[in-house]
Amino acid sequence: MWLAYPVYRTACKYMDSIYYLKRIELLPDVPQIPFPTQDSTSSLQGSEFPPERHGKARPSRKKIWKKVLFAILTIIYILSAGVAGFLYTDYQELLPNINQYAHENIAQDSHIYDRNDVLLYDVYDQNQVNGGRRVPVTLQDIPKVMQDAMIATEDKTFWTDPGVNVASTLRAAVSGNGGASTITQQVIKNLSHNTQHTATRKLQEALQAIGLTQHYTKAQILDMYFNVAAFGSFDIGVESATEAFFHLGSICAINNTCTPGIARLEYNAKGQLDPILGLARASLLAAMPNAPGIIDPTLGPEAKQLALARQKIVLQAMITQHMNLDGQPITVAMARQAENLMANTNFEPYPHTKLAPYFVDWVVNQIALQLGDGNYATGFDLLEYGGYNIRTTLDVNLENYIERAVNQHLNQPDYQYYPLNLRGNMVLSTQMNIHSAAVVVLDAKTGEVLAMDGGADYNSTDPEVGGQLNMADPPSWNAKIPSGRPPGTTMFPIDYAAFDQNTVTNTDNGQLTIQFPPDQALIDSSNYLGKLTVDKVGQTGLRNMAQSLGLTTPGTIDTGDTMLNFANGQVNASLLQMTDAYQALANQGQRVPPTGILDIYDRNGKQIYHYNTAQAPTTQAVPAAVANHITDDLSNVPARADKFGDDQQISFADQDPQCATSLNCKYPVAVDSSNTDETEDGNTTIGYTSNIVVGTWVGNVNGSRMNSAVVGTTGALPIWHSVIERALGWCGTTPTGSQYFHSDNVSCGPAPRLQLSAQQ
């Protein structure tokens, strides 16, 4: 309809001109009406035609043809001017769209890395209809063989055409079936997201392609194409397909400079240049945009055969167009080698892995809320398409070790030290009904979350295991577990710290005099400590202390024994918050809020956020003297035999046997473990050195009761001991010669890269 009116106007002018020319007898093929002659005058008397005038000669045939030619040229000019005028008007109207498309922020995946730039997860729209992986690259990263293969099959005149192939565009517009588009037209189609098979769309697309060519270089247009065209059933852009088909992922440095996989297209697994391999991969990739949802070789054997058939067409086009490979013309023999390489390649679907899944979910939730100004859905959309690169605080080697440790201590024969009736090997999940666990590891100086495991199996459907529910920091919307589980007697060090409310200043010498509760109350985790705290400092004093340590407390209006229950560890608290509270005790009373993100870069590589570990945001939550006093009590292993028996997992006696019997220990560690009234609460252990804090929890996510023989250290303490030693550089399977040593049977794996020292 958009072309109907100007065509109609032009056609009317054309018909008017024909009618006029016929009337003046300038068109020889128009039938002539016989005018009356002198001889026939009598017979035509009374006719409507007047008699012929004498003395006027007919024009010569030569003059007639001159006038005819002039008239035809006039008509062509009128037609051209009319159409051109309209097209120019339409072009002017479409010009803003051209600029918008060229400057459009092309959707890009966001990537989440660990602290050492190991990819944990790529965030993209996983909707099968509109989604897809998008990894941007620049043309300078794309090998020439890839560029040649693409141009050979999609647009052999790309470097010289004005953006359109006129004959192909008109044919497609008339047929309404599309096809035959140049690379530039395909860029317009992909950026405009208009895939209608109509003449209107094809003509508008052609106009915009011409405009794009006038405003941008061919190299820029080709760059756009490689990033917006579909190269697979779920891969937008050549880089994502390269990663999916050939497992050539980006290699990134700490400064966020990345080398994309496409740059290594011509290199084999040994890092050696292999031009034929490059030709094979490039020709297969160049085949994909023709029918990406059908011939994607990762879809199965039939799709692979279709892809190989299309690859032959690409290779033949490269030969026909006399393209070169490594300075030599591509031959039939080279093409056959390339075909054989891809025929013998095993194409597997892209493994959308998710390392440290509980931690990744936790980080994604924080970023989405910030990007969306509190609206998670809006923020998550921005994250999916925004192309952010996020470097986190997590060490994937430590995280992987923790996952192995949880599985070993819960689901494999595991040596129990205490109590005596449990001593020996036991499988806790089957014999003690303990099916899940959570672990948090913090840097005591900076608050960095070095590891976070929220459950025993992220993919489990067992309600006792909990699947994707993060027990390290349960979501606030979960009615069953609004904020974690009761921490039991691990709350008592916080109670003890609340006594700083009774700190007074000695006006004689300016020294601080602190009134401490009895040390034995903390050492033994005596149940009366909670009541003593509330009685001494009051509900407000306890609440203020807890909140200064990052703990969420009951509301300001209390009824009954709410704060007393809180002081006794009978109110839900998340493992992350509890571990964070202990972080202040480990750091001489200075609290640093937990953080999971070190750096965020935008799609252009610009750093938009950085966490300065050298200037972590600290507050003096507890007087240093109070924190140190608590640390001394919690690391007094000989005095805690009544609570822990001879279970030396509360110490590093396997590294220094003296730690089991003397305060003169080479590697002191402060730790407390829970005793709870109800076996459905689970067990908690939290402990620390001067530079690292580890919290663990075991139990059942659905609240089912553990075996009544379970004590407060069962499960949680063994996991804690394995994890904190691995974080410090040791491994529980390494023989030490200590009488207190039993291998924890957890495979060491690669050492964590935390820059922490085992020397305390």
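Bear in mind the structure is a predicted one, so any value in this text is a computation, not a measurement. Hydrogens, waters and symmetry mates are skipped; everything else that's a heavy atom, side chains included, is used.
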Partner set under side chain to side chain contact (heavy atoms under 4.5 Å, CB included) for [X], not counting sequence neighbours:
X	answer
Tyr609	Thr595, Ile597, Ile600, Tyr611
Ala670	Thr631, Leu634, Ser635, Tyr688
Asp632	none
Asn459	Asp457

Residue list, side-chain hydrogen bond (donor to acceptor under 3.5 Å, both in side chains) with [X], at least two apart or on another chain:
X	value
Thr552	Gln577
His610	Asp599
Arg404	none
Ser548	none

Per the ring pair (Phe, Tyr, Trp, His ring centres under 6.0 Å) rule, what does the pair list look like for residues 568-594, sequence neighbours excluded?
none
Residues pairing under ring pair (Phe, Tyr, Trp, His ring centres under 6.0 Å) where one sits in residues 423-443, two or more places apart or in two chains, turn out to be none
With sequence neighbours left out, which residue pairs that include part of residues 724-744 fulfil the salt bridge (charged side-chain N to carboxylate O under 4.0 Å, His left out) condition?
none
For [X], does the [atom1] atom sit with more than 12 other heavy atoms under 6.0 Å from it, leaving out its own atoms?
X	atom1	value
Gln588	CD	no
Tyr267	OH	no
Gln272	CD	yes

Between Asp647 and Gln649, does any side-chain donor sit less than 3.5 Å from a side-chain acceptor?
yes
Indicate whether the side chain of Ser429 and that of Asn411 have a donor and an acceptor atom separated by less than 3.5 Å.
yes
Which heavy-atom pair separates Leu549 from Val622 by the least distance, and what is that distance?
CD2-CG2, 3.8 Å
Residue pair Met452 / Ala472: nearest heavy atoms and the distance that separates them
CG-CB, 3.8 Å
Just grab all the disulfide bond (SG atoms under 2.5 Å apart) pairs involving residues 619-671, residues at least two apart or on different chains.
Cys659-Cys665
Would you sort out whether Asp414 and Asn745 count as a side chain to side chain donor-acceptor pair (under 3.5 Å), showing the intermediate values?
CA-CA 8 Å; Asp414 198 54; Asn745 296 316; 5.6 Å; no
